[in-house]
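In this text the structure is predicted, and so the values were computed from the model without any measurement. Below, chain A is the first sequence line, B the second, and so on; all start at residue 1. Values below: all heavy atoms of this structure, side chains included; hydrogens, waters and symmetry mates excluded.
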Amino acid sequence: MRIATWNVNSLKARLERVEEWLEYAQPDVLCLQETKMADKNFPAMAFSALGYESVHHGYNQWNGVAILSKVGIEDPQNGFGDGVENPYADDARMLSATCGRIRIVSVYVPNGREVPSEFYDRKLVWFERLAEWLDANHIPSDPVVITGDFNVAPDDRDVWSPKAFVGSTHVTEPERAAVRRLEDWGLVDLFRARYNGDGLYSYWDYRRGDFHQGRGMRIDLVLGSQPVAERSTWAIVDRNARKGKQPSDHAPVVVDLTD
DNA sequence: ATGGTAGAGGGTCTA
């Protein structure tokens with residue numbers, strides 16, 4: 001089973017590239033972030049023509065998440081559920097569904113903008129809600145994958161220049177602690193579990209030629225519970241998808257599991 | 001010195 005995540009930075013602008021990539025990479029499940037569209041504009045037919053069922057959660061031109069699957073989509077749920085106070089209640093940043101007997105969660109964690117800021121504070125609260133959702137809905141022996149754009153570089157290997165980022169969002173200790181809390185619960189960073197090196201990024205700013213200069217960050221993660229991690233055989237960032245005409249600023253992250 | 005690019009929409013806002 002192949003699971004992938006990709007922040008596409010507008011599905012409208014990226015649809016052709018996503019279609020091409022699906023045919024090339026053949027993931028069983030693809031989680032999308034930053035679709036930047038309302039549900040009524042989601043191109044479900046284009047994906048169904050390629051053999052994918054899909055669900056989307058989006059209100060407007062901001063954020064928006066989706067799950068595409070060739071192995072079924074059961075019990076889709078938007079957000080954290082009823083009765084949970086969401087610090088980004090007006091945004092669509094989390095969508096979960098069961099695909100091929102794994103509970104898949106597509107997340108687009110708030111960016112946080114500046115440190116300090118009200119947005120940064122609410123990013124940390126959003127992370128708390130995610131950890132609470134996980135604990136309330138699952139036990140570590142469940143097959144669960146939380147994947148998407150976490151807007152956190154888990155450690156200094158995950159940024160091109162730790163010095164350039166001191167004090168900035170994505171690298172602060174509270175943000176990293178929020179990711180560690182998920183790992184302490186029992187989730188494994190499936191890409192990092194296979195590769196120790198630095199320079200293995202999933203996002204590069206559009207500006208200053210950052211991609212071609214190798215100035216990136218690894219902020220797109222695939223976190224799997226132990227039953228999933230035990231099945232993990234391979235992981236990669238498809239950097240080719242960041243090249244060429246009108247790329248997203250993120251590349252897809254792909255993991256393979258034994259069936 | 002707060003630059004630069006891309007995508008939303010049709011102002012600037014978000015990243």
Side-chain angles (χ1 to χ4, degrees), chain A residues 5-21 31-43 46 56-66 86-95 106-127 130 147-154 158-161 163-172 174-176 178-179 201-221 237-253:
Chain A
T5 185
W6 194 5
N7 178 324
V8 292
N9 186 21
S10 169
L11 184 54
K12 185 182 170 194
R14 222 66 64 202
L15 181 58
E16 211 173 307
R17 288 193 68 125
V18 173
E19 291 173 312
E20 280 175 11
W21 191 79
C31 293
L32 301 177
Q33 300 85 35
E34 278 208 271
T35 59
K36 291 186 169 178
M37 58 175 56
D39 287 341
K40 64 175 163 58
N41 297 321
F42 182 72
H56 179 255
H57 177 37
Y59 296 120
N60 51 36
Q61 69 271 42
W62 309 121
N63 45 79
V65 285
N86 183 341
Y88 279 84
D90 296 334
D91 291 2
R93 296 183 174 275
M94 177 193 173
L95 172 63
S106 180
V107 294
Y108 178 41
V109 177
N111 174 287
R113 303 191 195 180
E114 306 295 323
V115 188
S117 73
E118 182 248 318
F119 298 94
Y120 171 78
D121 293 342
R122 284 196 282 131
K123 175 183 192 175
L124 296 176
V125 175
W126 197 94
F127 262 122
L130 180 61
T147 185
D149 179 355
F150 282 73
N151 272 315
V152 177
D158 299 318
V159 291
W160 65 272
S161 170
K163 278 187 211 162
F165 282 89
V166 169
S168 304
T169 47
H170 300 68
V171 304
T172 67
E175 290 167 284
R176 287 174 167 174
V179 173
Y201 307 133
S202 64
Y203 161 80
W204 300 259
D205 197 299
Y206 282 122
R207 297 168 283 194
R208 301 168 311 210
D210 275 9
F211 176 72
H212 295 286
Q213 298 294 325
R215 295 189 289 254
M217 310 176 81
R218 191 178 72 92
I219 57 177
D220 299 274
L221 310 178
V237 177
D238 185 5
R239 223 176 302 189
N240 285 324
R242 181 62 175 76
K243 300 176 183 173
K245 195 175 153 219
Q246 286 188 287
S248 170
D249 43 1
H250 296 249
V253 181

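- Regarding Asn41(A), its CG atom lies at a distance of 15 Å from the C1' atom of dG7(B), rounded to whole Å.
- A sub-4.0 Å separation between OP1 or OP2 of dG7(B) and a side-chain N or O of Arg14(A) is present.
- Distance alone, capped at 3.5 Å, is enough to place a donor-acceptor pair between the Arg122(A) side chain and the Pro87(A) backbone.
- When each of Ser10(A) and Arg93(A) is assigned the nucleotide of DNA chain B bearing its nearest heavy atom, the one mapping closer to the 5' terminus is Ser10(A).
- Across the protein-nucleic acid pair, Phe165(A) atom CZ and dA15(B) atom C1' stand 13 Å apart, rounded to whole Å.
- Straight-line distance from the CG atom of Asn7(A) to the P atom of dT14(B): 17 Å, rounded to whole Å.
- A donor-acceptor contact closer than 3.5 angstrom links the side chains of Tyr206(A) and Asn9(A).
- To the nearest angstrom, C1' of dT12(B) lies 16 Å from CG of Asn60(A).
- The NZ atom of Lys36(A) sits 9.5 Å away from atom CG of Asn63(A), with the distance rounded to the nearest 0.5 Å.
- Taking CG of Asn151(A) as the reference point, atom NZ of Lys123(A) lies at 5.0 Å (rounded to 0.5 Å).
- Contacts of Tyr108(A) with the nucleic acid, taken as non-hydrogen atoms under 4.0 Å apart, involve only primed sugar atoms and P, OP1 or OP2.
- Atom-to-atom, CH2 of Trp62(A) to P of dG7(B) comes out at 13 Å; the value is rounded to the nearest Å.
- Annotation: of the two residues near DNA chain B, Pro247(A) and Glu34(A), the 5′-most nearest-nucleotide partner is Pro247(A).
- Residues from residues 202-209 of chain A lying near DNA chain B, meaning a heavy-atom separation below 4.0 Å, are Tyr206(A), Arg207(A), Arg208(A) in numerical order.
- Nucleotides dG9(B) and dT14(B) have their C1' atoms positioned 12 Å apart, rounded to a whole Å.
- Within the 4.5 Å cutoff, side-chain heavy atoms of Asp249(A) are placed close to those of Arg242(A).
- In this entry the distance linking CD of Glu114(A) with C1' of dT14(B) reads 12 Å, nearest Å.
- For the pair Lys245(A) NZ and dA6(B) C1', the interatomic distance rounds to 15 Å; values are reported in whole Å.
- As rounded to the nearest Å, dA1(B) and dC13(B) have C1' atoms that lie 23 Å from one another.
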Which protein N or O atoms sit under 3.5 Å from an N or O of nucleotides 9-11 of chain B?
none

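- His56(A) and Phe42(A) have parallel rings, their planes meeting at less than 30° on a 0 to 90° scale where 60° marks the start of perpendicular.
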- Step-by-step side-chain contact (heavy atoms from CB on, under 4.5 Å) determination, Phe119(A) to Tyr88(A): CA-CA 9 Å; Phe119(A) 298 94; Tyr88(A) 279 84; 3.7 Å; yes
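- Every residue two or more places apart in sequence or in another chain that forms a side-chain contact (heavy atoms from CB on, under 4.5 Å) with Leu124(A) is listed here: Tyr120(A), Pro174(A), Glu175(A).
- Between the side chain of Asp39(A) and the backbone N or O of Gly58(A) there is at least one donor-acceptor pair closer than 3.5 Å.
- Distance OG1/Thr35(A) to OH/Tyr108(A): 10.5 Å, rounded to 0.5 Å.
- Taking atom P on both dT12(B) and dG3(B), the two are 16 Å apart, rounded to the nearest angstrom.
- Here Arg215(A) lies out of heavy-atom contact (under 4.0 Å) with every strand.
- Going from atom NE2 of His250(A) over to atom P of dT5(B) covers 18 Å, rounded to whole Å.
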